[in-house]
Amino acid sequence: MTHPNLPRLARAVWSDPQQAVRFARNRLASARYFVPGVLTAPPPSVVYVAVNSRCNLRCRMCDVGLGETDTPFHDKLAGPHRDMGIDEFRALVDSVCDHAPLVSLTSTEPLLWPHLEAALAHVASRDMHAAITTNGYLLPRMAAMLVRVGLRTLSVSLDGPPRIHNAVRGVADSFQHATEGIRLVQEEKARLGRTWPQITINCTITADSHAHIAALMPHLRSLRPDLVTVSHMNFVTDEQAEMHNRLFSRIGTSRPMCTAGVNPRDVDPGTLASQLAEMLAAPLDAPVLLTPPLTTSDDIAAYYREPFRHFGHRTCFIPWKHAQVLADGRLTVLTRCFDVSFGNVFETPLPILWNGDSMRTFRAALKAHGRFPACLRCCGLF
């Protein structure tokens, strides 16, 4: 049975009861902070860590893959030009272990990081859970290790059937590598009698893939994922960046992002609406989560062609809930956020920066304005 929009708490219960309890406590603690004048926040429930600045694919919707250097996304992911050191990572984990957030290794491609196994082992040694988001190209050679070391969640990107996915990702056999890796993870879980890691398939909608996403579903059945997420494209247009900088450059400047290889306006609303209806109706023994949950032609047209039309939450709550640490130690909101940084965790521990002056000033701006023009197509609002 498929579910176009599964509530977040239900997803947490589905994945891990302990994480569900942590999530619920964090939400209850956070609720009292969303009032005027209170700018501190409870410890983050998730710490996203960009462990390196390298990638092995050339994705058409990604500034890093295209070598588009003059963008915030590229600056945050490829700009550090370094790997995070294992001692730096351990110190970061130790600084937050009292509150046991989920440690999510997301960028740029964590399977390229030479310290991956040692890092995951350290997270487990602190009675914490780790997650990885990957393009999956190196997954076949690492599948057994990821199961053995106790990874809790593995998210793999698949953007369509093989031909479409490989064209989007810029490497001819990337679909084959990713799916073989998922199968090997499932086999190793069965061999060891384990239920972890839970496997999520992430499908990103772009102008290149939007007419083919339903054709992905038959391929997913044999992979037996625990969750499928389908995400409308995230981007910042020239118009959004110009308005943001005209009104809010004092908060942080913006630049166009993730539009050089694919133009959002090239998404055909009717075609995508039809594809989504077929995809969400397809038989699959896993929930399917569409974010944001836009399925009609009118809503889809507005999302991709009217960049100032608002969807999602009125305010970005990410700076109250989640922390993003880059490979060089900078603390920011999300890798897709505009140019803003709150200090460096290699110099000042994350728990101190989390409610430091810079974070509280940024939260004050969000309380005052809710969202900025550069935020309107970011996953942080959804």
Side-chain angles (χ1 to χ4, degrees), residues 8-9 12 19 21-51 72 76 80 84 88-107 122-123 126-131 248-254 313-372 374-375 378-381:
R8 188 173 300 175
L9 182 57
Q19 287 290 345
V21 171
R22 292 170 177 166
F23 175 85
R25 286 175 178 169
N26 183 268
R27 285 293 294 271
L28 291 172
S30 297
R32 65 190 178 94
Y33 292 95
F34 300 142
V35 295
V38 180
L39 305 176
T40 56
S45 60
V46 181
V47 177
Y48 294 104
V49 187
V51 294
K76 289 181 170 67
M84 183 177 291
E88 293 170 329
F89 179 86
R90 286 171 175 151
L92 170 61
V93 169
D94 291 347
S95 73
V96 299
C97 65
D98 286 348
H99 303 284
L102 175 69
V103 179
S104 182
L105 281 59
T106 58
S107 306
H122 187 73
V123 173
R126 294 295 185 264
D127 295 322
M128 298 165 65
H129 294 169
F248 298 109
S249 60
R250 67 189 183 280
I251 306 298
T253 56
S254 178
H313 301 300
R314 188 191 68 82
T315 299
C316 173
F317 296 139
I318 297 298
W320 280 268
K321 301 191 301 182
H322 302 161
Q324 172 75 64
V325 177
L326 305 180
D328 58 4
R330 283 177 291 161
L331 176 64
T332 187
V333 183
L334 288 173
T335 55
R336 294 188 180 277
C337 196
F338 51 89
D339 295 318
V340 61
S341 176
F342 309 115
N344 193 298
V345 302
F346 299 157
E347 301 167 0
T348 305
L350 192 155
I352 296 176
L353 293 177
W354 183 243
N355 282 313
D357 290 344
S358 295
M359 283 291 285
R360 288 186 285 108
T361 298
F362 189 76
R363 291 180 186 130
L366 279 176
K367 280 183 175 290
H369 302 288
R371 56 191 178 268
F372 304 108
C375 302
C378 175
C379 57
L381 284 181

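Values below: all heavy atoms of this structure, side chains included; hydrogens, waters and symmetry mates excluded. For the single chain, residues carry numbers from 1 onward in sequence order.
In terms of heavy-atom proximity, Pro319 sits nearest to Val333 at CG-CG1, 4.0 Å. Nearest heavy atom pair, residue Ser104 against residue Val46, reads CB-CG1, 4.2 Å. Closest non-hydrogen pair, Cys316 versus Gly380, comes out as SG-O, 4.3 Å. Across all non-hydrogen atoms, the minimal contact from Leu353 to Met359 is O-CG, 3.2 Å. What you find for His313 and Arg371 is that their closest heavy atoms are O-NH1, 4.2 Å. In plain terms, the two heavy atoms of Cys337 and Pro72 that are nearest each other are O-CB, 3.6 Å.
Taking the ring centroids of Phe89 and His122, they lie at or beyond the 6.0 Å cut-off.
We find the CE-SG distance between Met128 and Cys97 to be 6.5 Å, quoted to the nearest 0.5 Å. A distance of 11.0 Å separates CG of Asp328 from NZ of Lys76, quoted to the nearest 0.5 Å. For the atom pair Arg314 CZ and Leu366 CG, the distance stands at 9.5 Å (nearest 0.5 Å). To the nearest 0.5 Å, atom CG of residue Leu381 and atom CD1 of residue Ile318 are 8.5 Å apart. The OG atom of Ser249 lies 11.5 Å from the CZ atom of Phe372; values are rounded to the nearest 0.5 Å. Here CG of Leu39 is found 11.0 Å from CG of Asp357. Values are rounded to the nearest 0.5 Å.
The main-chain N or O of Arg360 is never found under 3.5 Å from a side-chain atom of Asn355 such that the two would form a donor-acceptor pair. Distance alone, capped at 3.5 Å, is enough to place a donor-acceptor pair between the Thr332 side chain and the Val340 backbone. Thr348 places no side-chain N or O within donor-acceptor distance of the main-chain N or O of Val345, the cut-off being under 3.5 Å.
Between Val325 and Tyr48 there is no side-chain heavy-atom pair separated by less than 4.5 Å. Inter-residue side-chain proximity for Arg336 and Cys378 is flagged as met; some heavy-atom pair is nearer than 4.5 Å. Within the 4.5 Å cutoff, the side chain of Thr315 has no heavy atoms near those of the Lys367 side chain. Annotation: side chain of Asn344 is not in contact with side chain of Leu331 (no heavy-atom distance under 4.5 Å). Between Val96 and His99 the shortest side-chain heavy-atom distance does not fall below 4.5 Å. A heavy-atom distance below 4.5 Å is not found between the side chains of Lys321 and Pro44. Using a 4.5 Å cut-off on side-chain heavy atoms (C-beta onward), Val49 and Met84 make contact. The shortest distance between side-chain heavy atoms of His129 and Val103 does not fall below 4.5 Å.
Under the 6.0 Å distance and 45° angle rule, Arg363 counts as a cation-pi partner of Trp354.
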Set out, in order, the CA-CA distance, both residues' side-chain angles and the distance that settles side-chain hydrogen bond (donor to acceptor under 3.5 Å, both in side chains) for Asp339 and Thr253, then state yes or no.
CA-CA 5 Å; Asp339 295 318; Thr253 56; 3.3 Å; yes
Would you please test Phe248 and Ser254 for side-chain contact (heavy atoms from CB on, under 4.5 Å) and show each step?
CA-CA 9 Å; Phe248 298 109; Ser254 178; over 6 Å; no
